[in-house]
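Encoded as structure tokens, the structure appears first; notes follow it.
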Amino acid sequence: MPTRTGAGRENLDVIVVGESLIDIITTAGGQVEFAGGSGLNVAFWLGRLGVNTRLLTVLGTDQRGETIRRHLESAGVQLLPGAVRLARTSSADASLDSKGSAHYTFDIEWTMPAATPKFIPTVLHTGSLDTFLGPVATDVPALVQSLTGRCLITYDSNIRPDIIPLPRTADLRRHVPPGRRGKA
């Protein structure tokens with residue numbers, strides 16, 4: 001349900017489904033860590049824009065998970081129940097070569113929390129790894145299908161050929177009604 005913020009501005013309720021991880025950036029100068037992941041980034045920036053946003057994700061109970069929780073809280077993003085339940089938080093190690101190109105190594109455990117949203121959002125956003133990895137590859141399309149026609153659904157493919165077999169990239173399209181498919 002939309003809420004009002006600021007000067008009467010309508011604030012959409014958005015649920016983002018997606019991975020949260022720690023990006024580990026390695027350069028010749030050393031290593032730094034940042035909260036990241038496609039779903040996390042979308043939720044974070046929607047929150048920073050003042051959009052009432054909730055994130056359906058999974059985190060570890062470790063320090064990296066705490067880093068992600070604080071990062072999301074700083075933008076006003078709420079984690080949906082069941083998110084904090086892994087022993088360790090997933091990561092993506094990005095090594096930058098001399099030209100600045102990133103080469104990724106992923107260490108991801110991604111299972112969707114059993115929690116089901118208790119309301120119908122104005123917008124459901126999903127995409128990237130959450131629609132292709134492990135058991136979530138069937139859970140996310142089922143959630144999308146259950147909300148089709150009940151809210152706006154957006155999808156960001158953010159294809160990562162290193163971890164997603166390319167023939168699978170078309171899998172989600174079968175869950176979107178033909179009249180509602182966007183063009184790439």
Side-chain angles (χ1 to χ4, degrees), residues 1-3 10-21 35-60 65 68-69 72 75-86 89-90 92 104 106-184:
M1 131 186 309
T3 57
E10 195 167 278
N11 189 6
L12 297 174
D13 284 314
V14 177
I15 292 179
V16 176
V17 180
E19 71 279 358
S20 295
L21 50 80
S38 180
L40 177 140
N41 289 333
V42 170
F44 178 84
W45 288 106
L46 285 170
R48 288 289 303 263
L49 290 170
V51 175
N52 188 4
T53 305
R54 292 163 181 88
L55 179 60
L56 183 59
T57 193
V58 65
L59 302 173
I68 289 172
R69 287 190 296 282
L72 291 168
V77 175
Q78 299 172 39
L79 287 171
L80 286 173
V84 182
R85 60 192 174 85
L86 299 176
T89 300
S90 296
Y104 292 94
F106 292 93
D107 180 13
I108 296 177
E109 182 175 345
W110 171 229
T111 57
M112 196 160 85
T116 302
K118 296 182 188 220
F119 68 97
I120 296 173
T122 303
V123 178
L124 173 72
H125 175 80
T126 189
S128 192
L129 306 178
D130 50 286
T131 56
F132 297 100
L133 293 179
V136 179
T138 56
D139 295 343
V140 173
L143 177 62
V144 167
Q145 192 164 6
S146 75
L147 292 173
T148 297
R150 301 170 75 192
C151 69
L152 174 66
I153 298 171
T154 61
Y155 178 73
D156 174 13
S157 59
N158 192 13
I159 304 297
R160 301 285 184 172
D162 292 347
I163 57 175
I164 301 171
L166 289 179
R168 303 250 349 252
T169 60
D171 286 354
L172 189 64
R173 286 184 60 85
R174 72 173 184 256
H175 299 286
V176 180
R180 296 183 149 250
R181 291 182 185 157
K183 294 185 169 61

Next item on the list: Applying side-chain contact (heavy atoms from CB on, under 4.5 Å) between Ile68 and each of Thr57, Leu79, Leu59, Val84, report the one that passes.
Entry: Leu59
Margin query: Test side-chain contact (heavy atoms from CB on, under 4.5 Å) on Arg85 and Val58; report intermediate values, then the result.
Written below: CA-CA 7 Å; Arg85 60 192 174 85; Val58 65; 3.9 Å; yes
Next item on the list: I would like to know whether Thr154 and Leu124 meet side-chain contact (heavy atoms from CB on, under 4.5 Å); could you show each step before the answer?
Entry: CA-CA 6 Å; Thr154 61; Leu124 173 72; over 6 Å; no
Check: Which pair of heavy atoms, one from Cys151 and one from Ile120, lies closest together, and at what distance?
Finding: CB-CG2, 4.2 Å
Checklist line | Leu55 and Val42: CA distance, side-chain angles, deciding distance, side-chain contact (heavy atoms from CB on, under 4.5 Å) verdict | finding: CA-CA 9 Å; Leu55 179 60; Val42 170; over 6 Å; no
Margin query: For a quick test of reading the model, state the closest non-hydrogen atom pair linking Leu46 to Val14 and the distance between them.
Written below: CD1-CG1, 3.8 Å
Checklist line | Heavy-atom pair with the smallest gap, counting every atom of Ser38 and Asp156 | finding: OG-OD2, 4.0 Å
Note to self: Tell me the closest heavy-atom pair linking Leu147 and Pro121, and the distance in Å.
What the structure shows: CD1-CD, 4.3 Å
Checklist line | Between OG1 on residue Thr89 and CZ on residue Arg69, distance to nearest 0.5 Å | finding: 7.0 Å
Next item on the list: Walk me through it: do Val17 and Leu143 pass the test side-chain contact (heavy atoms from CB on, under 4.5 Å)?
Entry: CA-CA 10 Å; Val17 180; Leu143 177 62; 3.8 Å; yes
Check: Quick one: CG on Asn52 to CD on Gln78, what's the gap to the nearest 0.5 Å?
Finding: 6.0 Å
Notebook entry, point to check: How about Thr148 and Ile153: do any of their side-chain heavy atoms sit closer than 4.5 Å?
Noted result: yes
Item checked: Minimal non-hydrogen separation, Glu109 against Ser90, with atom names -> N-OG, 2.9 Å
Check: Would you call Leu152 and Thr122 a side-chain contact if the rule is heavy atoms closer than 4.5 Å?
Finding: no
